[in-house]
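Source: prediction; values computed, not measured. Below, chains carry the letters A, B, ... as their sequence lines are ordered, and counting in each starts from 1.
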Amino acid sequence: NAGVTQTPKFRVLKTGQSMTLLCAQDMNHEYMYWYRQDPGMGLRLIHYSVGEGTTAKGEVPDGYNVSRLKKQNFLLGLESAAPSQTSVYFCASSTQNSNQPQHFGDGTRLSIL
Amino acid sequence: EDKVVQSPLSLVVHEGDTVTLNCSYEVTNFRSLLWYKQEKKAPTFLFMLTSSGIEKKSGRLSSILDKKELFSILNITATQTGDSAIYLCAVPNTNAGKSTFGDGTTLTVKP
């Protein structure tokens with residue numbers, strides 16, 4: 001019973017490098033979300049998707065891109081990593097009713113040097 | 001812009017104490033408020049509240065919503081070290097398909 005799986009769990013990048021974080025869910029959820037969590041700042045929404053092929057900006061989208069080519073996958077890309085993007089990244093999914101609880105992955109700890 | 005504010009931001013208590021965590025909100029099209037608990041990794045769902053004055057309870061945890069004053073509280077009685085976590089409050093914006101989270105309350109329970 002996997003739920004929401006994030007890959008990788010840890011990564012260290014140098015400034016300017018690019019990378020993609022992968023989120024996969026096996027619950028047939030329509031909605032998917034990417035958050036970042038910094039100390040004392042809760043969860044801040046980066047981008048989200050309400051269905052396959054659709055994406056929307058959250059509150060902190062700059063420096064990130066996303067794609068939802070398949071319903072079960074939601075990719076978060078960093079084109080040119082910056083130290084300010086050092087954070088823990090969480091992916092979540094929920095049913096089409098956003099009034100319902102979100103299911104979270106275990107997070108990706110990303111450090112940019 | 002939707003806003004969710006939690007207080008206190010951090011709290012240190014001893015085992016056996018009772019704690020009250022607060023969450024106030026200003027959102028359009030309010031339908032529900034959710035509480036999550038985050039230990040080492042992923043936040044996990046605790047409660048969803050939709051109606052004022054109806055207490056949700058699970059063991060030593062309980063929560064209630066006041067839609068007139070726009071806040072919710074989460075109570076934990078007889079705290080244990082295993083209650084140490086970040087407690088997050090979230091309010092969905094059902095029109096936009098997303099939720100706004102508060103900054104969380106970090107609870108530390110000492111033996």
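A side-chain N or O of A:Ser94 and one of A:Tyr33 form a donor-acceptor pair less than 3.5 Å apart.
Neither the backbone nor the side chain of B:Leu9 comes within less than 4.5 Å of any heavy atom of chain A. Interface residue A:Leu43: backbone and side-chain heavy atoms are both found under 4.5 Å from chain B.
For a heavy-atom cut-off of 4.5 Å, chain A lies close to B:Phe45, B:Met48 in residues 45-69 of chain B.
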>> Set out, in order, the CA-CA distance, both residues' side-chain angles and the distance that settles ring pair (Phe, Tyr, Trp, His ring centres under 6.0 Å) for A:Tyr89 and A:Tyr35, then state yes or no.
In response: CA-CA 6 Å; A:Tyr89 291 85; A:Tyr35 297 92; over 10 Å; no
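Within the 3.5 Å criterion, the main-chain N or O of A:Gly3 finds a donor-acceptor partner in the side chain of A:Asp26.
Between A:Asp38 and A:Arg44, at least one side-chain nitrogen of the basic residue sits less than 4.0 Å from a carboxylate oxygen of the acidic one, meeting the salt-bridge criterion.
Applying the side chain to side chain donor-acceptor pair (under 3.5 Å) test to residues at least two apart or on different chains, the pairs with a partner in residues 2-20 of chain B are B:Asp2-B:Asn93, B:Thr20-B:Asn75.
We find the OG-CH2 distance between B:Ser72 and B:Trp35 to be 5.5 Å, quoted to the nearest 0.5 Å. With rounding to the nearest 0.5 angstrom, the OG1 atom of A:Thr108 is 5.0 Å from the CG atom of A:Leu21.
Looking only at heavy-atom pairs under 4.5 Å with chain B, the residue among A:Arg109, A:Gln37, A:Glu59, A:His103 that has the most is A:Gln37.
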